[in-house]
Amino acid sequence: MRTAKEHLDTILDELKVAQRQRVPLAEAVGLVLAEDVTAAVDLPGFDNSSMDGYAVQAASLEGADREPVELRIVGELAAGVARDVEVGPGEAARIMTGAPLPAGADAVIPVEQTDGAPDGVVTCRAAVAPGQFVRRRGEDVRAGTAVAWAGNVVGPRTVALIAASGHAECVVHRRPHVLVVPTGDELVPPGEPLAPGQIHDSNSTMLQAAAVAAGATAEILPAVGDDDDALIRALDEAMGRADAIVTTGGVSMGAYDVVKSALKDKGVDFVSVAMQPGKPQGFGHVIESSTRRRVPLFALPGNPVSSYVSFEVFVRPALRRLMGLEPEVRPVHPAIVTTAMRSPAGREQFARAVVTRDAAGHLVAEPVAGQGSHFIADLSRANALLVIPAAVTTVAAGDQVEVVLLDGEVCS
């Protein structure tokens, strides 16, 4: 059997970062820049006021902190409005935050330090230094300089900078589109009535959500029954819009394991991985008939917990590889386990656990009660995977173990 790491390495070695695509900024969030972004304009683009107040010549207010000084108001400037106003000695222009600094002025006195007169004469009760409360052109960014770099992940703050720098789009590595293909005659869409022996298809919705959470887009195909030809037809019809395909079910040794029987001679390798849950796995590339494009396909087990763990261990890192995101694998953290556990010899176990922090801030892992591969309720309750090496068969309460956090940082 392969180890989980060997299987993941095999997958990642076969994948390349997705093609470049120019997208609107709102669609770039969470993706990796494929080329540097250079500012098209200065930031700020002109000298402007950082306060509501009065634009003045600083020399006109010398000594105003000791004895109030009156200045004649010669105009008013608002943000977004350009007016031909010039300020001379003994004069002031009423100005709003963001408005261009008028000719002749070299400072701004905040309105709070004046009597706030709208016109006529304003009384000022403070001195100001040249440049005070003035945002100078280009003091943040100069046109022609790089503001974001290839390899950076685009976030809300990056979007703000790129937009302010004069760009409505950027070039990123494309977000992959995932097709989720459920298999099995027993599957019924959620919400529909069940006949004897049938179950609701929960895996597809789970895997679609997991793919979206990883940064991809995803859609679910109608469930395919235990028929090789039906599966091949479904894939042929849909793979033209897929960057990756994830099947669930039909990968073991049973008589009706349709994914394995249909795809074993079509570029997909089916292997046993030394892990629990998720021992049966399949990976390879299927060929789109019209374009001959190779589309990676992940064949996951059908039990819900096995399917989810397989996605976390293999598919999520692969999707991050396609997007150029790092790290591809979630980091592991040390935690103290609260309950003794057994683990199968020779198989790395990914047990579900609820991880919290103790009073000292250390991570504490409580394994969920149901570790079987069909326990969906306990899977939903867990927020971490507790990783037990293949060589370890028993874990005692109080032992330190490694955990993978599924929902981000644990606060309490």
Side-chain angles (χ1 to χ4, degrees), residues 1-4 7-8 11 178-190 194 196-211 213 218 220-221 223-226 231 245-264 268 270-283 297-316 318 341-344 346-354 367-388 390 404 406:
M1 288 191 290
R2 289 179 181 173
T3 67
H7 188 54
L8 177 60
I11 291 170
V178 178
L179 291 184
V180 178
V181 186
T183 67
D185 287 333
E186 75 278 15
L187 298 180
V188 173
L194 297 174
Q198 293 182 326
I199 62 172
H200 287 124
D201 173 23
S202 60
N203 282 3
S204 296
T205 306
M206 172 183 70
L207 294 172
Q208 180 190 41
I220 302 171
L221 295 189
V224 178
D226 297 321
L231 177 59
I245 298 170
V246 178
T247 67
T248 175
V251 296
S252 193
M253 303 295 291
Y256 298 100
D257 284 325
V258 61
V259 176
K260 188 172 185 178
S261 61
L263 300 179
K264 64 183 178 180
V268 179
F270 292 88
V271 298
S272 293
V273 178
M275 62 186 287
Q276 185 185 58
K279 178 181 175 182
Q281 297 287 332
F283 173 75
L297 184 144
F298 303 84
L300 308 185
N303 278 317
V305 177
S306 301
S307 186
Y308 178 79
V309 170
S310 299
F311 183 96
E312 272 295 321
V313 176
F314 303 122
V315 184
R316 184 179 185 273
M341 294 184 63
R342 289 189 173 277
S343 188
R347 293 173 67 181
E348 186 176 17
Q349 184 173 183
F350 295 88
R352 279 68 64 208
V354 176
V368 299
Q371 290 294 332
S373 59
H374 62 293
F375 284 114
I376 305 178
D378 281 321
L379 173 64
S380 175
R381 196 165 64 85
N383 67 348
L385 296 178
L386 191 157
V387 184
I388 302 176
V404 175
L406 301 174

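In this structure, L187 and P182 approach most closely via the heavy-atom pair CD1-CB, 3.8 Å. Of all non-hydrogen atoms in A262 and L231, the two that sit nearest each other are CB-CD2, 3.9 Å. Considering all non-hydrogen atoms of both residues, V273 and G278 come closest at CB-O, 4.5 Å. Scanning both residues, E348 and A4, for their nearest heavy atoms gives OE1-CB, 3.6 Å. Closest approach of S307 and L207 over heavy atoms only: OG-CD1, 3.5 Å. Smallest separation of non-hydrogen atoms from F270 and K260: CZ-CA, 3.5 Å.
The distance from the CD atom of Q349 to the CE atom of M275 is 10.5 Å, given to the nearest 0.5 Å. Rounding to the nearest 0.5 angstrom, the gap separating the CD1 atom in I376 from the OH atom in Y308 is 13.5 Å. In this structure, the separation between CZ on R347 and CD on Q276 is 5.0 Å, given to the nearest 0.5 Å. Remark: R2 CZ to L8 CG distance equals 11.0 Å, nearest 0.5 Å. Atom OG of S261 is separated from atom CG of D257 by 7.5 Å, given to the nearest 0.5 angstrom.
Here the options are T248, D226, V251, the test is side chain to side chain contact (heavy atoms under 4.5 Å, CB included), and the partner is V259; only V251 passes.
When the side chain to side chain donor-acceptor pair (under 3.5 Å) test is applied to S310, the partners found at least two apart in sequence or on another chain are Q281. Not counting sequence neighbours, the partners of A218 by the side chain to side chain contact (heavy atoms under 4.5 Å, CB included) test are V178, Q208, A211, V212. Partners of E312 under the salt bridge (Lys or Arg N to Asp or Glu O under 4.0 Å) rule, at least two apart in sequence or in another chain, are R330. With sequence neighbours excluded, the residues that form a side chain to side chain donor-acceptor pair (under 3.5 Å) with S204 are D201. With sequence neighbours excluded, no residue forms a side chain to side chain donor-acceptor pair (under 3.5 Å) with T183. A search for side chain to side chain donor-acceptor pair (under 3.5 Å) contacts involving R381 returns nothing, not counting sequence neighbours.
In this structure the side chain of P367 reaches within 4.5 angstrom of the side chain of L386, judged on heavy atoms. No side-chain heavy atom of R352 sits less than 4.5 Å from a side-chain heavy atom of D378. Inter-residue side-chain proximity for V258 and V224 is flagged as unmet; no heavy-atom pair is nearer than 4.5 Å. Residues P277 and N303 are not in side-chain contact: their nearest non-hydrogen atoms beyond the backbone lie 4.5 Å or more apart.
Using a 30° and 60° split on the angle between ring planes, F283 and F298 fall in the tilted class, from 30° to 60°.
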Next on the checklist: Determine whether F350 and V404 satisfy the following criterion, side chain to side chain contact (heavy atoms under 4.5 Å, CB included), listing intermediate values before the conclusion.
Outcome noted: CA-CA 9 Å; F350 295 88; V404 175; 5.9 Å; no
Checklist entry - Can you list the steps and then say if T247 with L300 is a side chain to side chain contact (heavy atoms under 4.5 Å, CB included)? => result CA-CA 6 Å; T247 67; L300 308 185; 5.9 Å; no
Next on the checklist: Working note: M206 + L379, criterion side chain to side chain contact (heavy atoms under 4.5 Å, CB included); need CA distance, chi angles, decisive distance, verdict.
Outcome noted: CA-CA 11 Å; M206 172 183 70; L379 173 64; 4.2 Å; yes
Checklist entry - Can V368 and V354 be said to form a side chain to side chain contact (heavy atoms under 4.5 Å, CB included), step by step? => result CA-CA 7 Å; V368 299; V354 176; 4.1 Å; yes
